[in-house]
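Okay, so here's the structure we're looking at.
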Amino acid sequence: MKITLPDGSVKEFDGPVSGGDVASSIGPRLAKAAIAAKVDGELTDLDRSIEADASVAIVTAKDDDVDALYVIRHSAAHVMAEAIQRIWPDAQLVYGPPVDMGFYYDIDLDDPISTDDFVRIEKEMAEIIASDRPFCRLELGSDEGRARLRDEGNVYKIDNAERALDGDGDASLSWYVTGEAGRDWEDLCRGPHVPSTGRIGAFKLTSVASSHWHGDVNQQRLQRVYGTAFATQKALDEHLERLEEARQRDHRVIGAKLGLFAIDEQVGQGLILWKPNGAFVRMQLEDFLKAKLLAAGYEIVYTPHIGKVDLYKTSGHYPYYSDSQFPPIKMHDDETEYILKPMNCPHHVKIYASEPRSYRDLPLRLAEFGTVYRFEQSGELTGMTRVRGFTQDDAHLFCTEDQVRKEFSDTVSLTQFVFNTFGFEDVQVRLSLREPGSDKYVGDPANWDRAERELREVLDEMQIDYETDLGEAAFYGPKVDFVVRDVIGRSWQLGTVQLDYNLPERFRLEYIGSDNQAHRPVMIHRAPFGSMERFMAILIEHYAGAFPMWLAPEQVRILPVSDKFMDYAEAVHAALRGSGIRAEVDQSAERVQAKIRAAQEMKVPYMLVVGGRDRDGGTVSVRCRTRADLGALPLEAFIEQAKREDQSHGEDRISV
RNA sequence: GCCACCGUAGCUCAGUGGUAGAGCACUCCCUUGGUAAGGGAGAGGUCACGGGUUCAAGUCCCGUCGGUGGCUCCA
């Protein structure tokens with residue numbers, strides 16, 4: 001029998017071997033480090049027999065190996081479940097997979113598990129790990145397995161088993177016993193696991209939350225205990241440190257510290273108050289994009305925050321999303337109703353419809369930073385990322401069928417340009433298509449087919465990597481979303497480009513073609529930032545509050561060495577302001593060291609230390625937030641360079 | 001919306017049913033200094049809100065509001 005190793009070498013064995021045997025044949029150290037095997041690309045237990053020629057890779061307990069972490073965390077989930085059942089024998093196990101950064105186990109138990117219980121659970125886990133009991137696989141045929149599950153009486157496991165067996169006549173069921181069958185703890189599980197509990201290097205429980213069976217709110221509510229595990233304590237410590245650092249970058253923490261935004265419960269949940277510093281950054285972002293849009297042939301419009309319900313009935317939004325809107329405002333006649341607009345499109349559609357359009361007018365690109373209101377569930381609200389009132393950098397492009405391709409491709413380029421400008425690298429592109437056979441979509445299926453095909457073709461032409469999500473489309477058309485991860489690893493949708501063959505239909509939009517006949521335009525909805533609130537939140541975390549100079553509300557802080565030089569500091573201040581540079585003077589009675597520290601903490605890009613030497617020479621001593629002391633520069637030269645850095649969006653940096 | 005946890009000074013947090021605390025920030029005074037915290041003093045509180053138990057509640061119980069982590073949802 002031939003076993004091919006990852007380096008391409010081939011080892012011969014007589015008869016079946018296990019991954020462990022293969023490891024031993026290579027060397028004792030590898031055998032010792034091995035925790036699982038990957039046979040023809042599939043992870044298996046180290047002691048599973050390999051019956052035929054195969055390529056085999058040995059998985060060792062390494063913290064940078066996703067397979068190793070997968071197996072370790074899966075095993076840790078078992079150990080945690082056993083620990084929980086030791087403490088709460090009534091706990092019914094549901095489902096316990098490894099996930100991105102750790103693992104969880106869903107448990108049905110009436111007693112609430114709280115983080116205070118973690119110490120107890122972790123102690124039991126440590127004991128199970130210290131006893132170093134082997135994970136033993138126990139396989140039963142489907143009938144025998146079902147009988148066993150019936151005896152155990154856990155409906156969740158029976159359900160899991162039926163799903164595993166579904167459509168596979170001769171499938172079997174497997175259990176993993178942590179120790180000796182019939183005596184020690186066991187769990188229905190597909191595996192694989194580490195050879196023994198002692199191989200789980202380091203673990204920690206992280207949080208407890210609620211979940212629902214099958215993710216369905218109408219089903220049994222479960223408790224989900226989250227944890228994480230690594231091969232070594234060092235890696236676990238580093239992971240926890242990274243989490244802590246990420247928390248320091250949290251936009252809610254930095255937003256408060258830098259005076260960017262506030263939320264006030266008297267104003268309302270999920271409603272953002274942009275404070276002067278945050279408002280300034282937002283204004284810069286809007287101006288930046290507006291200039292780009294005007295250059296690309298967009299036109300700016302303004303529309304009201306409310307509209308009659310009827311408008312949204314025509315657009316089709318109202319019946320679909322009535323429970324995620326603020327309730328309608330009823331007028332004095334008790335009949336007319338207005339709603340806070342949940343979307344800008346119907347208003348823009350009405351601008352299109354306000355005059356006759358010729359094919360010569362198309363594409364018509366209407367842009368607006370339009371604030372919309374959606375009644376998100378209270379449990380959903382999070383800082384600036386998930387809110388009830390937000391401003392979309394919205395635009396609607398009305399074009400002919402023939403123009404769709406180019407307009408769509410231009411908007412995708414624009415979105416990419418925006419992400420590049422801010423240095424976002426971890427951006428996933430997601431193409432959302434409709435779910436075949438579902439009736440939740442409106443419009444002609446032929447139009448949908450055409451739209452979906454065109455999106456794919458353009459993305460392919462632009463050589464963009466994307467993943468396809470069936471069933472994630474908007475009800476009116478397919479879309480391309482740009483998804484960015486925040487520092488805590490959560491994914492947020494920012495930019496979006498959506499094709500819409502549907503609204504023009506519902507509003508009976510028309511243009512007169514070169515044939516002098518009426519035709520229906522196609523709409524593209526697009527928002528590169530997505531929402532100003534969410535984009536701002538991600539930007540804060542991305543920069544950890546240290547905005548590049550062109551975005552920073554305070555670009556320069558002048559630090560007089562003592563208040564004897566306050567007059568010179570004020571003169572420098574006036575010169576900077578006169579040149580359009582945003583500067584402040586630190587007037588406190590502190591020493592320079594303290595002033596520097598304060599400015600660094602407030603993430604001011606440049607500090608100008610000024611004292612006697614500078615006053616006499618007409619210079620400023622430049623300190624950069626990231627590059628420390630740069631030395632002295634004549635005031636005029638600093639202003640020149642500062643303006644250049646500002647206007648070039650950081651391409652040209654100040655140097656001395 | 002659901003579950004768990006949390007809510008004490010502007011911020012970060014201590015606080016055993018028995019007189020409300022610290023550090024930072026703030027104000028004032030001293031210090032007048034050259035690249036990440038000089039020293040001193042002062043001010044700042046309806047312990048989220050409402051009810052209950054108790055001789056006595058920041059502390060225990062119930063409710064409401066708000067926050068956090070998930071679940072579900074996200075045009």
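Numbers restart at 1 for each chain; the letters A, B, ... are given by sequence-line order, proteins then strands. Values reported hereafter were calculated over all heavy atoms of this structure, with side chains retained and with hydrogens, waters and symmetry mates removed. Quick caveat: nothing in here was measured; it's all calculated off a predicted structure.
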Looking just at side-chain N and O atoms, do A:His212 and A:Asn218 make a donor-acceptor pair shorter than 3.5 Å? no
Which part of the nucleic acid, if any, lies within reach of A:Asp614 when heavy atoms closer than 4.0 Å are counted: base, sugar-phosphate only, or nothing? base
Of the options B:rG69, B:rC5, B:rG34, whose atoms approach the side-chain atoms of A:Arg613 most closely? B:rG34
Contacts table for residues 520-530 of chain A: side-chain donor-acceptor under 3.5 angstrom, sequence neighbours left out:
from: A:Arg520; atom 1: NE; to: A:Leu509; atom 2: O; distance (Å): 2.9
from: A:Arg520; atom 1: NH1; to: A:Glu505; atom 2: OE2; distance (Å): 3.1
from: A:His525; atom 1: ND1; to: A:His396; atom 2: NE2; distance (Å): 3.2
from: A:His525; atom 1: NE2; to: A:Asp500; atom 2: OD2; distance (Å): 2.8
from: A:Arg526; atom 1: NH2; to: A:Asp393; atom 2: O; distance (Å): 2.8

Quiz: residues 534-541 of chain A side-chain donor-acceptor pairs under 3.5 angstrom, not counting sequence neighbours:
from: A:Arg534; atom 1: NE; to: A:Thr385; atom 2: O; distance (Å): 2.9
from: A:Arg534; atom 1: NH1; to: A:Gln493; atom 2: O; distance (Å): 3.0
from: A:Arg534; atom 1: NH2; to: A:Thr385; atom 2: O; distance (Å): 3.0
from: A:Glu541; atom 1: OE1; to: A:Val487; atom 2: N; distance (Å): 3.4
from: A:Glu541; atom 1: OE2; to: A:His251; atom 2: N; distance (Å): 3.0
from: A:Glu541; atom 1: OE2; to: A:His251; atom 2: ND1; distance (Å): 3.0

Would you kindly check whether a donor in the side chain of A:Arg221 faces an acceptor in the base of B:rA4, or vice versa, at under 3.5 angstrom? no
Contact nearer the 5' end of RNA chain B, comparing A:Gln223 with A:Ala594: A:Gln223
Enumerate donor-acceptor pairs with a distance under 3.5 Å from any side-chain N or O in residues 622-635 of chain A to protein atoms, sequence neighbours excluded.
from: A:Arg623; atom 1: NE; to: A:Gln600; atom 2: OE1; distance (Å): 3.1
from: A:Arg623; atom 1: NH2; to: A:Gln600; atom 2: OE1; distance (Å): 3.4
from: A:Arg627; atom 1: NH1; to: A:Ile654; atom 2: O; distance (Å): 3.1
from: A:Arg627; atom 1: NH2; to: A:Tyr606; atom 2: OH; distance (Å): 2.8
from: A:Arg627; atom 1: NH2; to: A:Ile654; atom 2: O; distance (Å): 3.0
from: A:Asp629; atom 1: OD1; to: A:Gly631; atom 2: N; distance (Å): 2.9

Going by distance alone, is a donor N or O of one side chain under 3.5 Å from an acceptor N or O of the other, for A:Gln587 and A:Glu570? yes
Could you check whether the rings of A:Tyr226 and A:Tyr104 sit parallel, tilted or perpendicular, using 30° and 60° as the cut-offs? tilted
Give me, pair by pair, the N or O atoms of the protein and of nucleotides 12-14 of chain B that are less than 3.5 Å apart, along with how far apart they are.
none

Distance only, no hydrogens: is a donor on one side chain within 3.5 Å (strictly under) of an acceptor on the other, for A:Ser588 and A:Glu590? no
Checking B:rG33, B:rA75, B:rU31 against the side chain of A:Ala589 (C-beta onward), the nearest is B:rU31
Pair A:Gln269-A:Glu265, side-chain donor/acceptor within less than 3.5 Å: no
Contact list (N/O, under 3.5 angstrom) for nucleotides 64-67 of chain B vs protein:
from: B:rC65; atom 1: O2'; to: A:Glu265; atom 2: OE2; distance (Å): 3.1
from: B:rG66; atom 1: OP1; to: A:Gln269; atom 2: OE1; distance (Å): 3.1
from: B:rG67; atom 1: OP2; to: A:Gln269; atom 2: NE2; distance (Å): 2.5

Quick one: stems for RNA chain B, with Watson-Crick or G-U pairs under 3.5 Å, at least three in a row? B:1-7 with B:65-71, B:10-13 with B:21-24, B:26-30 with B:38-42, B:48-52 with B:60-64
Need one value for A:Gln325: base, sugar-phosphate or nothing, where a base atom within 4.0 Å counts as base even if backbone is also close, heavy atoms only. base
Does any donor atom in the side chain of A:Glu368 or A:Thr303 lie under 3.5 Å from an acceptor atom in the other side chain? yes
Is it the case that the side chains of A:Thr206 and A:Thr228 hold a donor-acceptor pair, with the cut-off being a distance below 3.5 Å and no angle test? no
Polar contact flag, side-chain donor to acceptor under 3.5 angstrom, A:Asn344-A:Gln392: yes
B:rC3 and B:rA57, which share atom name C1', separated by this distance in whole Å: 28 Å
